[in-house]
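All of these numbers come straight from a predicted model, not from anything done at the bench. Chain A is the first sequence line, chain B the second, and so forth, proteins listed ahead of strands; every chain is numbered from 1.
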2 protein chains.
Amino acid sequence: MASSDASSSEPAQLRLDDFLPYRLSFTSNLVSDTVAGTYIALFDLRIPEWRLIAVVAEEEGGITQQGIGARTRMDKVTVSRAAIALVERGLMARMPHKGDKRSHHLVLTEAGRELYAAVAPKALELERRIFARFDPEELAAFTRMLRRIDAAILDGV
Amino acid sequence: MASSDASSSEPAQLRLDDFLPYRLSFTSNLVSDTVAGTYIALFDLRIPEWRLIAVVAEEEGGITQQGIGARTRMDKVTVSRAAIALVERGLMARMPHKGDKRSHHLVLTEAGRELYAAVAPKALELERRIFARFDPEELAAFTRMLRRIDAAILDGV
DNA sequence: GCATGATGGTAGCATTTGACACCATCTCCG
DNA sequence: CGGAGATGGTGTCAAATGCTACCATCATGC
């Protein structure tokens with residue numbers, strides 16, 4: 001029962017190295033550091049800012065800060081700060097939100113679109129470089145798994 | 001060439017939602033938040049402290065702070081702070097490192113071992129709860145993939 | 001229309017995290 | 001031996017992140 005049988009399917013003993021929350025955080029940090037060190041720094045964007053740019057670029061009709069928060073699960077404060085910074089830099093603009101004066105539609109300015117056009121390919125290229133050694137099948141399965149884990153947690157564990 | 005052919009194997013267009021560094025960070029944060037909210041808080045441990053406890057518990061002969069940093073890739077400052085906190089709480093002790101007076105072997109005190117014995121099962125149980133809906137095969141593949149990504153990056157991308 | 005509570009967004013504060021400089025000790029080499 | 005540089009660890013400061021309180025506007029009920 002309390003044997004150290006190595007063939008049992010579940011580890012009865014905690015080993016940090018095999019502890020999934022730890023592994024996940026470990027790898028995520030490794031990847032994030034790699035990403036943060038490259039194109040982000042190059043364009044003087046912090047991660048939240050980069051995410052805003054990407055999300056706003058994808059949403060043709062404009063999107064509110066709350067919408068961004070919902071999509072990315074970033075704190076609304078984080079979103080707010082990133083939005084302010086981007087507007088100040090002239091990369092993003094706030095269009096009046098008809099019907100609600102508290103809110104705005106965020107859209108990229110011309111400069112913002114240019115930046116996005118410059119950064120996006122670099123992001124993709126970096127992604128390809130990091131994951132070059134894996135085949136598409138594996139990566140697809142991996143991504144699917146990530147999404148399922150999200151779902152599991154959001155369902156309420 | 002620059003067509004928008006949807007059947008190509010690689011996405012030529014960036015979509016944040018499919019961008020792996022983003023997905024990874026997203027899921028990792030979700031899991032971390034879940035973890036941080038439970039047994040960690042219960043025992044008044046922060047994540048780095050919890051990791052130190054686990055690592056030291058696993059290394060029977062004691063381990064130095066630098067060793068911990070190497071294993072977990074935590075910053076040496078983070079390790080230092082966690083170590084100080086744990087020693088102050090009487091959970092960990094520093095044994096002289098024969099041959100190098102700058103360093104110490106970290107070992108758990110009796111209280112530390114007791115805490116570990118109390119926390120570890122809860123950690124495993126939480127892990128099981130989060131990942132209950134997946135079968136062992138999938139999880140093993142997933143973990144393997146995480147390790148291979150680590151290797152890819154540490155190899156120098 | 002006008003209190004009352006909810007919501008989008010911001011400001012200020014506390015906490016966490018890492019970068020950098022520093023001290024003590026160790027190692028190496030003349 | 002005894003400098004010169006490397007390494008283990010800590011103190012200090014700046015940047016990042018999140019919480020709470022708050023302001024403006026909205027929606028609802030009287």
Asker: Tell me whether the NZ or CZ atom of B:Arg23 lies within the 45° cone about the ring axis of B:Phe26 and under 6.0 Å from its centre.
Answerer: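 Cation-pi check for B:Arg23 and B:Phe26: passes.
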Asker: Measure from the side-chain heavy atoms of A:Arg102 and tell me the nearest of D:dT7, C:dT16, D:dT25.
Answerer: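 Looking only at side-chain atoms, A:Arg102 lies closest to D:dT25.
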Asker: A:Lys101 near the nucleic acid: base, sugar-phosphate alone, or nothing, with a heavy-atom cut-off under 4.0 Å?
Answerer: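 Answer is sugar-phosphate: A:Lys101 comes under 4.0 Å of backbone atoms only.
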Asker: Between A:Gly99 and A:Ile47, which has a closest nucleotide on DNA chain D that is more 5'?
Answerer: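 Whichever sits nearer the 5' end wins; that is A:Ile47.
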Asker: B:Asp75 CG to C:dT16 C1': how many Å, rounded?
Answerer: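 In whole Å, C:dT16 C1' and B:Asp75 CG are 12 Å from each other.
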Asker: Starting at atom CD1 of A:Ile68, determine the distance to atom C1' of C:dT7, rounded to an integer number of angstrom.
Answerer: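 To the nearest whole Å, that distance equals 17 Å.
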Asker: Nearest to the side chain of A:Thr78, heavy atoms from C-beta on, is which of C:dA24, D:dG18, D:dT25?
Answerer: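 Closest nucleotide to the A:Thr78 side chain: D:dG18.
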Asker: Are any of the side-chain nitrogens in B:Arg147 or B:Asp150 under 4.0 Å away from the carboxylate oxygens of its partner?
Answerer: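 The answer is no: the pair does not qualify as a salt bridge.
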Asker: Separation of A:Glu88 atom CD from C:dT10 atom C1', in whole Å?
Answerer: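 Going from A:Glu88 (CD) to C:dT10 (C1'), I get 13 Å.
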Asker: Heavy atoms from C-beta onward define the side chain here; which of C:dT25, C:dG9, D:dT12 lies closest to that of B:Arg81?
Answerer: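 Given the options C:dT25, C:dG9, D:dT12, the side chain of B:Arg81 is closest to D:dT12.
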Asker: Could one point to a donor on the side chain of A:Arg94 or the base of C:dG9 with an acceptor on the other under 3.5 Å away?
Answerer: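 It does not, because no donor-acceptor pair links the side chain of A:Arg94 to the base of C:dG9 below 3.5 Å.
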Asker: Grab the NE2-P distance between B:His104 and D:dT7 for me, whole Å please.
Answerer: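 Value for this atom pair: 18 Å.
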Asker: Side chains of B:Ser25 and A:Arg51: is there a donor and an acceptor less than 3.5 Å apart?
Answerer: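 The criterion, which ignores hydrogens and geometry beyond distance, is satisfied for A:Arg51 and B:Ser25.
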Asker: Using whole Å, report how far CG of B:Asp33 lies from P of D:dG18.
Answerer: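 To the nearest whole Å, that distance equals 8 Å.
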Asker: Taking 4.0 Å as the cut-off, does a side-chain nitrogen or oxygen of B:Ser103 come that near to OP1 or OP2 on D:dG9?
Answerer: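 So the side chain of B:Ser103 is within the cut-off, an N or O lying under 4.0 Å from OP1 or OP2 of D:dG9.
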Asker: Between A:Thr109 (side chain) and A:Ala93 (backbone), is there a donor-acceptor pair under 3.5 Å?
Answerer: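 No; judged by distance alone, with no hydrogens or angles, the pair does not exist.
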Asker: Rounded to the nearest Å, what distance is computed from the CD atom of residue B:Gln65 to the P atom of nucleotide C:dA24?
Answerer: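 Computing the B:Gln65:CD to C:dA24:P distance gives 17 Å.
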Asker: Please state how far atom CG in A:Asp100 lies from atom P in C:dG9, giving the value in whole angstrom units.
Answerer: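 My rounded result for the distance is 8 Å.
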Asker: Between C:dG9 atom P and A:Met74 atom CE, what is the distance in whole Å?
Answerer: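 Those two atoms, CE and P, are 13 Å apart.
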Asker: Closest approach to the side chain of A:Val77, judged atom by atom: which nucleotide of D:dA24, C:dA19, D:dG18 is it?
Answerer: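 The answer is D:dG18.
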Asker: So that I can tick it off, tell me whether A:Arg128 and A:Glu125 are bridged by a salt bridge, with the cut-off set at under 4.0 angstrom between side-chain N and carboxylate O.
Answerer: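 Looking at A:Glu125 and A:Arg128, the cut-off is not met.
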